[in-house]
Amino acid sequence: MRLKLAIQKSGRLNQDSMQLLKECGIDISNGVNQLKADASNFPIEVFFLRDDDIPQYVQDGVADIGFVGENVVYEKAKKVEVAYALGFGKCRLSFAIQKGEEFTGPQFLAGKKIATSYPVLVQQYLDQHQIKAEIHEISGSVEIAPGIGLADVVCDLVSSGSTLFMNGLKEAATILNSQAVLIKRNNLPAELVPILERLLFRMESVKKAKKHKYVLMNAPNAQLDKIIEVLPGMKSPTIVPLATAGWSSVHTVIEEADFWNLIEQLKTLGAEGILVVPIEKMIL
Ligand code: PRT
Ligand code: ZN
């Protein structure tokens, strides 16, 4: 039995999806030109599809799981379960208006013509705010719509904002923050559940490792107690005596978030020769 995974064939999510599989130790031997490929060392089979089709395939059970943007999942509104946030493909679905205009809140949209590739999500937003507006569905280059008189407002994905800027638009309101997620079909066959669990376990180890660093430093023994006190660590730090009398090497794992604060404290407490090393996998 193999777990069937659908990923984007080409486009923004393809590389990160392939990279994640690789970091999970899963070898996809065939090139991406083929429609599907088997992993050589894990019971998984990868289908390469257009992102828009992935929720449907997963709902129908043609694929068991898929990697796809939340924006697509919620727009397509298929019966699938969002099982895990993958942490890449981050963007937001936002309304954008002409640079010179002032956004006065949702009411601004009343009676406007809105160009978007996300009619379902836009309509939901309008309904929530009890606003009537005209939705003009277009499949690409949404940003040029106001410039050519096709619409007053656009609702599209934004990441850096430079596309909007280049088209004389500005972001007005966000209706969805999105990232790539793992979706799974309802009623996943029981024999596939352990395979999915193995995959999720590996992905979680990769994710944790990215958030953490391994830190080594030399410290005078007289300062060890104080240094240990400020170190978070998974359990407690490893202390190894150095050849130089009165000194030890201290090893621990710290979170990227409080990295610089901690390093500054450690220096103040007398730590020297601090090395910060990336962690490849983290199994707790
Ligand atoms: O061929 P296929 O249908 O599979 O691909 P696609 O062309 O529909 O999608 P693709 O590859 O462009 O995007 C796949 C997914 O990447 C999206 O569904 C999002 O989940 C995610 N993603 C993340 C983005 C962006 N960031 C993004 N910036 N998708 C699109 N954009 C576009 C946006 O539409 C706009 O045109 O980039 C432009 C804005 O970018 P900035 O940086 O200028 O703001
Ligand atoms: Zn698409």
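Positions are given from 1, in the same order as the sequence printed here.
Looking at residues two or more places apart in sequence or on another chain, you find a salt bridge (charged side-chain N to carboxylate O under 4.0 Å, His left out) between Glu45 and Lys36. Residues passing the side chain to side chain donor-acceptor pair (under 3.5 Å) test with Asn177: none are found, sequence neighbours excluded. When the salt bridge (charged side-chain N to carboxylate O under 4.0 Å, His left out) test is applied to Asp52, the partners found at least two apart in sequence or on another chain are Arg50. For Lys210, the salt bridge (charged side-chain N to carboxylate O under 4.0 Å, His left out) criterion is met by Glu23, not counting sequence neighbours. Residues satisfying the side chain to side chain donor-acceptor pair (under 3.5 Å) test with Ser160, not counting sequence neighbours, are Ser162. Residues meeting the salt bridge (charged side-chain N to carboxylate O under 4.0 Å, His left out) test with Lys112, sequence neighbours left out: none.
Heavy-atom neighbours of Lys78 NZ from other residues, nucleotides or ligands within 6.0 Å: above the threshold of 12. Few gaps surround CZ on Phe108; more than 12 heavy atoms of other groups in view lie less than 6.0 Å from it. Environment of NZ in Lys281: crowded, with over 12 heavy atoms of neighbouring residues, nucleotides or ligands closer than 6.0 Å.
Applying the side chain to side chain donor-acceptor pair (under 3.5 Å) rule to pairs touching residues 262-275 yields nothing, sequence neighbours excluded. Pairs passing the side chain to side chain donor-acceptor pair (under 3.5 Å) check and including a residue from residues 183-203, sequence neighbours excluded, read Asp64-Arg185. Counting only residues at least two apart or on different chains, the ring pair (Phe, Tyr, Trp, His ring centres under 6.0 Å) pairs with a member in residues 129-160 are Tyr125-His129.
When hydrophobic residues (I, L, V, M, F, W, Y) are linked wherever their side-chain heavy atoms come within less than 4.5 Å, the members clustered with Leu169 are Ile138, Val142, Ile144, Ile148, Leu150, Val154, Val158, Leu164. Cluster partners of Leu242, using a side-chain heavy-atom cutoff of under 4.5 Å among ILVMFWY residues and allowing indirect links, are Trp247. Other residues sharing a hydrophobic cluster with Val120 under the 4.5 Å side-chain heavy-atom criterion for ILVMFWY residues do not exist; the residue is a singleton.
A donor-acceptor pair is defined here as one N or O able to donate and one able to accept, closer than 3.5 Å; such a pair exists between the side chain of Ser178 and the backbone of Asn71. With Arg2 contributing its side chain and Phe42 its backbone, the two residues share a donor-acceptor pair below 3.5 Å. Within the 3.5 Å criterion, the main-chain N or O of Glu101 finds a donor-acceptor partner in the side chain of Lys170.
If you check the side chains of Asp60 and Gln56, you find a donor sitting under 3.5 Å from an acceptor. There is a side-chain donor-acceptor pair under 3.5 Å between Thr174 and Ser94.
Here the side chains of Lys207 and Met203 are not in contact, with every heavy-atom distance at 4.5 Å or above. Side chains of Asn167 and Thr163 form a contact here, defined as non-hydrogen atoms less than 4.5 Å apart.
A single hydrophobic cluster is not seen to contain both Met217 and Val240; linkage of ILVMFWY side chains at heavy-atom distances under 4.5 Å, directly or through other members, places them apart.
Between the OG1 atom in Thr244 and the CG atom in Asn218 there is a gap of 8.0 Å [rounded to 0.5 Å].
A cation-pi arrangement is found for Lys99 relative to Phe165, the charged atom lying closer than 6.0 Å to the ring centre and inside a 45° cone about the ring normal.
Of all heavy-atom pairs between Cys155 and Ile175, the closest is SG-CD1, 3.8 Å.
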